[in-house]
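Structure first, commentary second.
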Amino acid sequence: MSNFALKIGHCRFMKIVKTILVAILLFLPAISAQAQDGSAAYNFLNVTSSARIYGLGGMNITLVDDDIAVADQNPALLGGEMSGQIALNYMRYIGDSNFAGFRYAHSAGEHAAWSAGLQYFGYGSMKEALPDGSVVGTFSPKDVSFGGSYSHDITDRLRGGIALKGVYSSYAEFSAFAISTDLGLNYYDPDNDLSLSLVVANLGGQVKRFNESYDRLPFDIRLGWSQTFENFPLRFSVTAWNLTKWHLPYIDNGDGTSMTEPVVKDKFMSNLFRHLVFGVDLISNPNYYISLGYNYKARTDMSTYSRSFISGFSLGGGLKVKNFGIGLAFAQPHTGASTFMFNLSCNINEFLK
């Protein structure tokens, strides 16, 4: 495609981004007063649907691959090379929580792509009680996220992307609806296998509230780096998130005995590492991968006495067989909760040949 055509596509992409940003800016002032008093909710939006990303610590915005699932947390990773690909995901999360969903991608010309998908978050059955503590029954809370993404090549190494999601929540007789937007940029240097990304995540707010209080989306700014070095078959990744605030204190409960006093941890190094997620994956063969991640925040969010040695670590692996891709990931946030994720993907265009 000519440079002139690329410029036209770039202008169209920027117009889309500006239109959505203007809509958000017009929408947010109406709720800004309540937002100051609200607490962040909708944290399920930060749970990845990709087994590969979950195996890399649960947060990664720089993984360049032809797997549609990796565009989960950065719409700029979506590309025409994923055209015709459909991916299914399932996750057995903490407690009785079960998450599942699907995503489909298609090219939009030579330098753009779009995708659409849906995610379901179910949290099992819970007791429903009145303010006085009397139990009146049970209910099954759930969240549903659905929407689409669009990406465009700005240059031969720089790609931009935008994702727009509608979020429906139902907790007993209460329900709410919110709109969330992610904006992403990715720079990829194929000569050095270097990937750099910037993501502004979870822009937006509630259209319909649960009650009189306003719940904010977990707005975040993220930076990421991934790279391999010469012929070494390992790719290293570091993702910085929660960059809208520096202090991320946590409470260390010691060994959990009555003689131990809880201690608030809020030192420089503690805050620094709670902003970082580390990952490394073995990519010696394009038909399989093995990944390992470490999320210090996930580890320290658990009380000392209820986490295991492997808390904060995650392990993943994947295999490609002909037209199918399979991904698995495992993590254990604390001793009473092991989490599993499964991905299955295929390209339907291959069946139409």
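Heads up: numbering here begins at 1 and tracks the sequence.
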Quiz prompt | Heavy-atom closest pair, residues Asp182 and Asn202 | solution = OD1-N, 2.8 Å
Quiz prompt | Counterpart residues, side chain to side chain donor-acceptor pair (under 3.5 Å), relative to Ser345 (two or more places apart) | solution = none
Exercise. Just jot down the ring-ring contact (aromatic ring centres under 6.0 Å, His included) partners of Phe139, sequence neighbours excluded, or say none.
Key: none
Quiz item: Okay, side chain of His275, backbone of Lys245: is any donor-acceptor separation there less than 3.5 Å?
Solution: yes
Quiz item: Rounded to the nearest 0.5 Å, what separation is found between the CG atom of Asp266 and the CD1 atom of Ile251?
Solution: 11.0 Å
Quiz item: Between Arg159 (side chain) and Leu78 (backbone), is there a donor-acceptor pair under 3.5 Å?
Solution: yes
Exercise. Please examine the side chains of Ser175 and Tyr168, heavy atoms only from C-beta on, and report whether any two atoms are closer than 4.5 Å.
Key: yes
Quiz item: Rounded to the nearest 0.5 Å, what separation is found between the CD1 atom of Ile290 and the CG atom of Leu328?
Solution: 12.0 Å
Quiz item: Considering all heavy atoms of both residues, which atom of Trp241 and which atom of Arg274 are nearest to each other, and what is their separation?
Solution: NE1-O, 4.0 Å
Quiz item: Which residues satisfy the side chain to side chain contact (heavy atoms under 4.5 Å, CB included) test with Phe210, sequence neighbours excluded?
Solution: Tyr42, Ser169, Tyr171, Phe174, Ala176, Gln206, Asp215
Practice problem: Check whether any side-chain heavy atom of Val64 lies under 4.5 Å from a side-chain heavy atom of Leu77, and answer yes or no. | Solution: yes
Quiz item: Of all heavy-atom pairs between Trp246 and Asn271, which one has the smallest distance, and what is that distance?
Solution: O-OD1, 3.5 Å
Quiz item: Considering all heavy atoms of both residues, which atom of Tyr289 and which atom of Gly327 are nearest to each other, and what is their separation?
Solution: OH-CA, 3.9 Å
Quiz item: Can you list the steps and then say if Tyr120 with Asn98 is a side chain to side chain donor-acceptor pair (under 3.5 Å)?
Solution: CA-CA 8 Å; Tyr120 170 83; Asn98 292 276; over 6 Å; no
Self-check item: Spatial distance of atom CD1 (Ile310) from atom CG (Leu315) [nearest 0.5 Å]
Solution: 9.0 Å
Quiz item: Is Asn347 reaching over with its side chain to a backbone N or O of Met82, donor-acceptor style, under 3.5 angstrom?
Solution: no
Practice problem: Could you tell me the separation between the NE2 atom of His106 and the CD1 atom of Ile348, rounded to the nearest 0.5 Å? | Solution: 7.5 Å
Quiz item: By side chain to side chain contact (heavy atoms under 4.5 Å, CB included), which residues pair with Leu194, not counting sequence neighbours?
Solution: Asp189, Asn192, Leu196, Trp225, Gln227
Quiz item: What pairs meet the salt bridge (Lys or Arg N to Asp or Glu O under 4.0 Å) rule with one or both residues in residues 224-240, with sequence neighbours excluded?
Solution: Arg235-Asp281
Exercise. Could you tell me whether a side-chain N or O of Gln85 sits under 3.5 Å from a main-chain N or O of Asp66, the two making a donor and an acceptor?
Key: yes
Exercise. Show your working on side-chain contact (heavy atoms from CB on, under 4.5 Å) between Arg52 and Asp65 and close with a plain yes or no.
Key: CA-CA 11 Å; Arg52 190 160 192 177; Asp65 196 72; 3.6 Å; yes
Self-check item: Intermediate values then yes/no, side-chain contact (heavy atoms from CB on, under 4.5 Å), Tyr123 and Asp143
Solution: CA-CA 9 Å; Tyr123 309 104; Asp143 296 294; 2.5 Å; yes
Quiz item: Heavy-atom count around Lys265 NZ within 6.0 Å, excluding the residue itself: above 12?
Solution: no
Exercise. For Phe273, enumerate each residue passing the side chain to side chain contact (heavy atoms under 4.5 Å, CB included) test, keeping only those at least two apart in sequence or located in another chain.
Key: Met269, Phe278, Tyr296
Self-check item: Ser50 vs Asn89 side-chain heavy atoms within contact, under 4.5 Å
Solution: no
Quiz item: For the side chain of Thr339 and the backbone of Ala331, is there at least one donor-acceptor N/O pair under 3.5 Å apart?
Solution: yes
Quiz item: Heavy atoms, side chains only, cut-off 4.5 Å: are Val200 and Phe219 in contact?
Solution: yes
Exercise. Quick one: list whatever passes side chain to side chain contact (heavy atoms under 4.5 Å, CB included) with Arg103, sequence neighbours left out.
Key: Ser49, Ile68, Asp72, Ser115, Ser149
Quiz item: Do Val277 and Leu272 belong together in a cluster built from hydrophobic side chains that touch within less than 4.5 Å?
Solution: no
Quiz item: Does NZ in Lys208 sit with more than 12 non-hydrogen atoms of other residues, nucleotides or ligands closer than 6.0 Å?
Solution: yes
Quiz prompt | Interatomic distance, Lys297 atom NZ to Ser270 atom OG [nearest 0.5 angstrom] | solution = 11.0 Å
Quiz item: How would you list, by chain and number, every residue that makes a side chain to side chain donor-acceptor pair (under 3.5 Å) with Asn295, sequence neighbours excluded?
Solution: none
Quiz item: Same cluster or not: are Leu282 and Phe229 linked, directly or through other Ile, Leu, Val, Met, Phe, Trp or Tyr residues, by side-chain heavy atoms under 4.5 angstrom apart?
Solution: yes
Quiz prompt | Expected output: side-chain Ser311 to main-chain Gln332 donor-acceptor under 3.5 Å | solution = yes
Quiz prompt | Results of side chain to side chain donor-acceptor pair (under 3.5 Å) for Tyr188 - residues two or more places apart only | solution = Asp193
Quiz item: For the hydrophobic clusters of this structure (ILVMFWY residues joined by side-chain heavy atoms under 4.5 Å, transitively), does one cluster hold both Leu344 and Ile53?
Solution: no
Exercise. Decide whether Val238 and Phe232 are clustered together by the hydrophobic rule: side chain heavy atoms of Ile, Leu, Val, Met, Phe, Trp, Tyr closer than 4.5 Å, transitively.
Key: yes
Exercise. Return the minimal non-hydrogen interatomic distance between Val264 and Pro249, and the atom names on each side.
Key: CG1-CB, 4.2 Å
Practice problem: Flag the pair Phe313 / Phe330 as yes when at least one side-chain heavy-atom distance between them is below 4.5 Å, and no otherwise. | Solution: no
Practice problem: For the pair Asn74 and Arg222, evaluate side-chain contact (heavy atoms from CB on, under 4.5 Å) and give the outcome as yes or no after the intermediate values. | Solution: CA-CA 10 Å; Asn74 184 358; Arg222 300 163 185 170; over 6 Å; no
Quiz item: Less than 4.0 Å between a side-chain N and a carboxylate O, is that true for Arg157 and Asp191?
Solution: yes
Quiz item: Is a side-chain N or O of Asn186 found less than 3.5 angstrom from the main chain of Ser197, in a donor-acceptor match?
Solution: no
Self-check item: ring-ring contact (aromatic ring centres under 6.0 Å, His included) contacts touching residues 60-98 (sequence neighbours left out)
Solution: Tyr93-Phe99
Practice problem: Kindly indicate whether the side chain of Leu248, heavy atoms from C-beta on, has any atom under 4.5 Å from the side chain of Tyr250. | Solution: no
Practice problem: Decide side-chain contact (heavy atoms from CB on, under 4.5 Å) for Leu45 and Ser180; before the verdict, give the C-alpha distance in whole Å, the side-chain angles of both, and the deciding distance to 0.1 Å. | Solution: CA-CA 9 Å; Leu45 292 172; Ser180 175; 4.1 Å; yes
Quiz prompt | Minimal non-hydrogen separation, Tyr54 against Ala329, with atom names | solution = CD2-CB, 3.8 Å
Quiz item: Got a sec, which residues hit side chain to side chain donor-acceptor pair (under 3.5 Å) with Asp96, two or more places apart in sequence or on another chain?
Solution: none
Quiz item: With a 4.5 Å heavy-atom cut-off, do Val47 and Met91 have their side chains touching?
Solution: yes
Without placing hydrogens or testing angles, list every side-chain donor-acceptor pair under 3.5 Å for residues 56-63, not counting sequence neighbours.
from, atom 1, to, atom 2, distance (Å)
Asn60, OD1, Thr62, N, 3.0
Asn60, OD1, Thr62, OG1, 3.4
Asn60, OD1, Leu63, N, 3.1
Asn60, ND2, Ser237, OG, 3.4
Thr62, OG1, Ser226, OG, 2.4

Quiz item: Do Leu319 and Ile283 sit in the same hydrophobic cluster, where Ile, Leu, Val, Met, Phe, Trp and Tyr count as joined when their side-chain heavy atoms come under 4.5 Å apart?
Solution: no
